[in-house]
There are 4 protein chains.
Amino acid sequence: MTGVTEDPVSAETRRGRPRSAASHQAVLTATARLLTCGEYEYDDVTVERIAAEAGVGKQTIYRWWTNKAGVVLEAVLTGHLRLDFSPVPETGDLRADLLAWVSETLDETFTEGHRSMARSLISALVTGGAETDSLLAASQIWEESPVADRLRAERDVGRLRADLEPSAAAAALASPLVLRLITSGRPQDSWAHSLVDIVLDGAWAR
Amino acid sequence: MTGVTEDPVSAETRRGRPRSAASHQAVLTATARLLTCGEYEYDDVTVERIAAEAGVGKQTIYRWWTNKAGVVLEAVLTGHLRLDFSPVPETGDLRADLLAWVSETLDETFTEGHRSMARSLISALVTGGAETDSLLAASQIWEESPVADRLRAERDVGRLRADLEPSAAAAALASPLVLRLITSGRPQDSWAHSLVDIVLDGAWAR
Amino acid sequence: MTGVTEDPVSAETRRGRPRSAASHQAVLTATARLLTCGEYEYDDVTVERIAAEAGVGKQTIYRWWTNKAGVVLEAVLTGHLRLDFSPVPETGDLRADLLAWVSETLDETFTEGHRSMARSLISALVTGGAETDSLLAASQIWEESPVADRLRAERDVGRLRADLEPSAAAAALASPLVLRLITSGRPQDSWAHSLVDIVLDGAWAR
Amino acid sequence: MTGVTEDPVSAETRRGRPRSAASHQAVLTATARLLTCGEYEYDDVTVERIAAEAGVGKQTIYRWWTNKAGVVLEAVLTGHLRLDFSPVPETGDLRADLLAWVSETLDETFTEGHRSMARSLISALVTGGAETDSLLAASQIWEESPVADRLRAERDVGRLRADLEPSAAAAALASPLVLRLITSGRPQDSWAHSLVDIVLDGAWAR
DNA sequence: GCGTAATCGAGACGGTACGTCCCGTCTTTCA
DNA sequence: TGAAAGACGGGACGTACCGTCTCGATTACGC
């Protein structure tokens, strides 16, 4: 969407003060819009296109970010572009909840829109260089995920091992899904359920 | 393994000069050589450079593959370019072996060379479009990993649950490492060890 | 007429399958067809296109000619591709006849089809190298033109100077038209008529 | 002189950074330099080489001209690249002067360097398409030639017919030479002298 | 009448230039 | 005076042809 948007907010702010904050926002929302519209992959979303979509000069983008990866990454980390992990259901039965979450996640995210966004995020990280790494490092992505939160809660009420590292467990569960998401196709449900079994029960024979 | 553009119909009676398998191979080995020499990242390895290194015309590359990503990906999947996972030690103590493997993997692969290659692989996947997906889908990358092999062996002698899915367990262990590898910096050893505990013992309190 | 690369020695005892005269003809007619259809300029008529149009292998063309210029030139010189100079009218009044011829030539040839063909011929000469030069040198293009014929006839009956070189006079009349044909647009009739006056009357004041 | 793609409308209020006249000039001088240095023919002078020689991006060339032919043609028509016709001697004897000029022109220009440049010019014309035609149409190439100038002067002092069209006479003299220049080899001096006789004396018997 | 040899159409080969697109920087004009 | 517009130098892309080469199939001649 381009021409129609004469945003009243940006119209007023344009007067006395520089539009800087408005432009900054416009870039992030434009980036999110382009990436979610389903028409463009990461590589197709050029800086020029973002600038045009945001109604912003290219230089304005380079004033705030070092490159496209930074823009995309900030769009993700600030929530303009959500890699929407579903919330974990709360039936009281942890295994059933996790199984439900995995299934839902697979169903929800194995749509082209979500895959494209995940790829974009990874691309941004991969091509972004050192400063994007630090951006992500500060984001505590696993620690704040719905899965980690749930596992932490279960541990705190004693249902899970006291020495459990919730972020590690969440990573063990979610990382394989993410890798599958950006690479191969949707895995079998049985494969995903095995994952839950492993994380909960471990591999040892009893 | 033939190129991604290979057509089963053409197996009948192809007219004209047949495609040169030698050129095909030369491209893959040249790609591997460039990516391994430590001098170039994925983006620095241009199609023209590959062609020059392989002593091949650029058009020949585009005759076999749709783009650079396809070339790199096939180089990986055919083993010309190895993402060298360390072998798992065999002391008899599975936990100790996996811990050792994780530590070694972290040490070995968190060198710029390995990270670069991982980034290249991911870039190829992410920019490659649909046909690279199918290439990877057929690759059984986790099923063939040293970790999956070891877990399968342990299961077969009864030390691990009979219903264990080795590839899922291997994914639970390795995927988080891969994601860290291509994104943030080297994780703490303690974080990695938590991962081993989860995969072996599970999360449940005893 | 055989191709420029034809070797008289080889005509005697050639082994193997003889060259196909049919293919040779097909190439020339295909070249003429492509160049006259109005769709292609000289540069657009590639060897590949000629081969396809003629239903002939590319190598067959290179077996007979050294390059495209040779093909086009032979097509012209053998009459497959005619640079149709109109005949000169024969009313008995030389000046009127030449004026009429000039006007008709301008009208007829300043159509895109003819211009394109003239350009093609010139291109062939310009890009063709030494052997195409000799081809043309042997063709006596001005000596055989309708204008030269007419001037020669008039000279032989004593109406023109006995020492007149008909080919030079024809060149003086036709060359400016050809150059205009391949470069600028149609000249004024008055400009063309001045040309006739100069060739007939000369420039001296009387 | 502005480029062929220049648009009169754009003269009003152009936004953004204005086009660099310096780059425009640099391209033309670089083109002339390459074509004059004797090392390259028209086909050897690639757009990339021009850009490099001019210290200019390739895109900048395509921003001003539609193709290489346009560049070369403008270089010629703006005098950056001179098709150096010799000046006509001034002994007072017009016939002797023109004969001398013809001989000198033949000697001077039938060197590979001049032929190469003439071929380049013709190639540019022939491959340039419609917009190069208009460029040339406006160029008055014959009207400004040394020969036309001399003829005009002689007419103005009454030695040549008052109704003589100098450009037509110059064309009658020079065009045959140009055509010979780009096609066959150097003509006989006698042939060239016949040309002068025709232009001065005309063809009629006296 | 059977091999030998050169041709045929077809199309891939190593090259090279093309014209387009994008990067990240710069230089204007406008509000 | 800050930002939009857009040209700049640079460089990779994917396409189109060039002229050569290699296929299987075909077609003549000489043995």
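All heavy atoms count here, side chains included; hydrogens, waters and symmetry mates do not. A, B, ... follow the sequence lines: proteins, then strands. Residue 1 opens every chain.
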By nearest heavy atom, map B/Ser20 and C/Gly55 onto DNA chain E; which one lands nearer the 5' end? C/Gly55

Whether each nucleotide of nucleotides 14-19 of chain F has a protein heavy atom under 4.0 Å at its base (B), only at its sugar-phosphate (S) or at neither (-) is summarised, 5' to 3', as BBBSSB

Can you tell me how far C1' of E/dG14 sits from CZ of B/Arg19, to the nearest Å? 16 Å

base_contact_polar (F/dC8 base, D/Arg17 side chain, donor-acceptor, <3.5 Å): no

Please give, in whole Å, the distance from E/dG24 P to A/Ile50 CD1? 11 Å

On the nucleotide E/dC13, are OP1 or OP2 found under 4.0 Å from the side-chain N or O atoms that B/Trp64 carries? yes

CD1 of C/Ile61 versus P of E/dG9: gap in Å, rounded? 9 Å

Select from A/Gly57 and D/Ala21 the residue whose nearest nucleotide in DNA chain F is closer to the 5' end of that strand. A/Gly57

Side-chain heavy atoms of C/Ile122 within contact of C/Tyr42, under 4.5 Å: no

I need the OH-P distance between B/Tyr42 and F/dA12, as an integer number of Å. 14 Å

Any D/Arg15 side-chain nitrogen or oxygen under 4.0 Å from OP1 or OP2 of F/dA4: no

Looking at C/Leu121, C/Thr78, C/Leu81, C/Asn67, which one forms a side chain to side chain contact (heavy atoms under 4.5 Å, CB included) with C/Leu73? C/Leu121

Is D/Arg63 close to D/Arg19 at the side-chain level, that is, under 4.5 Å between some pair of heavy atoms? yes

Any non-hydrogen side-chain atom of D/Leu28 less than 4.5 Å from a side-chain atom of D/Trp65? yes

D/Thr46: which residues meet the side chain to side chain contact (heavy atoms under 4.5 Å, CB included) condition with it, sequence neighbours left out? D/Glu48, D/Arg49

Using a 4.5 Å cut-off on heavy atoms from C-beta on, say whether the side chain of A/Glu74 contacts that of A/His80. no

Is the phosphate of F/dG2, meaning OP1 or OP2, less than 4.0 Å from a side-chain N or O of A/Thr60? no

Heavy-atom side-chain contact between D/Val27 and D/Trp64 under 4.5 Å: no

Hey, does the side chain of A/Ser23 come within less than 4.0 Å of F/dA3's phosphate (OP1/OP2), counting only N and O? no

